[in-house]
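Worth knowing before you read on, the calculation uses all heavy atoms, side chains too, and leaves out hydrogens, waters and symmetry mates.
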Amino acid sequence: MQFTAQIIASHLGGEVVGPADVTVSNFAKIDDAGPGTITFLANPKYTHFIYTTKASVVLVKRDFVPEHPVSATLIKVDDPYGCLAALLSLAAQAIQPRPIGIEQPCHIAEGVEIADDCYIGAFAYIGDGAKIGKGVKIYPQAYVGPGVTIGDGTTVYAGAKIYYNCRIGQRCIIHSGAVIGADGFGFAPDAQGVYHKIEQLGIVEIEDDVEIGANTTIDRSVMETTRIERGVKLDNLIQIAHNCVVGHDTVMAAQAGVAGSSRVGAHCMVGGQVGIAGHITVGDGTEIGAQSGLPKSVEPKSRIMGSPAVPFGEYARTLAAFKQLPDVLRRLDKLENNTTKS
């Protein structure tokens, strides 16, 4: 499929600078692009690539003014990255398979409600009393336990597991290997130090428009609900423990972990390998740098990093001082030697 720069600009509400009839049929990064591709420039540190890129079309901000000649056709838009995401979404709808129907063999228990236009792949398992919404896609070898509800338009990829009674909203994406509703990590020691299981009787509720990465696990609560609110995006290999709440429109990068009964606020950004202790609250709009550790609650709109996490500015000063530590130690050793000799 090929589209001209003019057609793309019309769809995005953009302004064409350069030949409007140039065509593209694929996407590429600005530094690796070739003829017939479209790319974007959103981060200023990549600006130098626009003068050497071989892409046919580049999405740029409306206020972008090139300092040197540019061979590519430019499409000026308000948000190049957002516009690229919109184009990728359209392309995905055009090229991704759209399976429909029920493949065999699979297991669909009695009392299961399946709405129109669903797809259930071979070797999938749908437990008693499950309710599957309109247009849901459940890929091969997925497990949907008894009493689970899945909202319209949700996709459950191959090998994902949703335990009993959990609730999944509309238009969610659950990637392969994800486990929703496994028991939380709850054990109580007796007088002899032997650990006994605390039964986890709650559920997991995933609200609308949530995406859950491959091999991510979200544990069911002891009582009540572990909740992932609308619009949350979880990367691969994330652990959300029992009784946690992740606020709406929060994003978490891979290998982050949230311990039991903690609440992560709305519109937070959590970097990779961040560890959040149990029974704390992360305020709305907080940004947490990669590999940070949070032992206590933080206020809304905090920007923190390190382990234990501290404000970004303090962390940067600490890091700068740490880099000087070898030289400081050498100077101290020299000073002590001179003092001893004298």
Who else is in [X]'s hydrophobic cluster (ILVMFWY, side-chain heavy atoms under 4.5 Å, direct or via others)?
X	answer
I198	V222, M223
I203	none
L90	none
F312	M305, V310, Y315, L319

Set of residues satisfying side-chain contact (heavy atoms from CB on, under 4.5 Å) with respect to [X], sequence neighbours excluded:
X	answer
S307	none
A5	V22, V57, T73, I75
D209	R171
A28	A33, T37

For residues 179-189, tabulate all N or O donor-acceptor pairs below 3.5 Å that involve a side-chain atom, not counting sequence neighbours.
| residue | atom | partner | partner atom | Å |
| --- | --- | --- | --- | --- |
| D183 | OD2 | K197 | NZ | 2.9 |

| field | Listed partners of Q141 passing side chain to side chain donor-acceptor pair (under 3.5 Å), at least two apart | value | none
Pairs of donor and acceptor atoms involving the side chains of residues 92-114, under 3.5 Å and at least two apart or interchain, shall be tabulated with distances.
| residue | atom | partner | partner atom | Å |
| --- | --- | --- | --- | --- |
| R98 | NE | Q93 | O | 3.3 |
| R98 | NH2 | Q93 | O | 2.7 |
| E103 | OE1 | Y119 | OH | 3.3 |
| E103 | OE1 | A122 | N | 2.9 |
| E103 | OE2 | Y119 | OH | 3.1 |
| Q104 | OE1 | C106 | N | 3.3 |

| message | My understanding is that only residues two or more places apart in sequence, or in another chain, count here; which of them pass ring pair (Phe, Tyr, Trp, His ring centres under 6.0 Å) with H68? | response | Y51
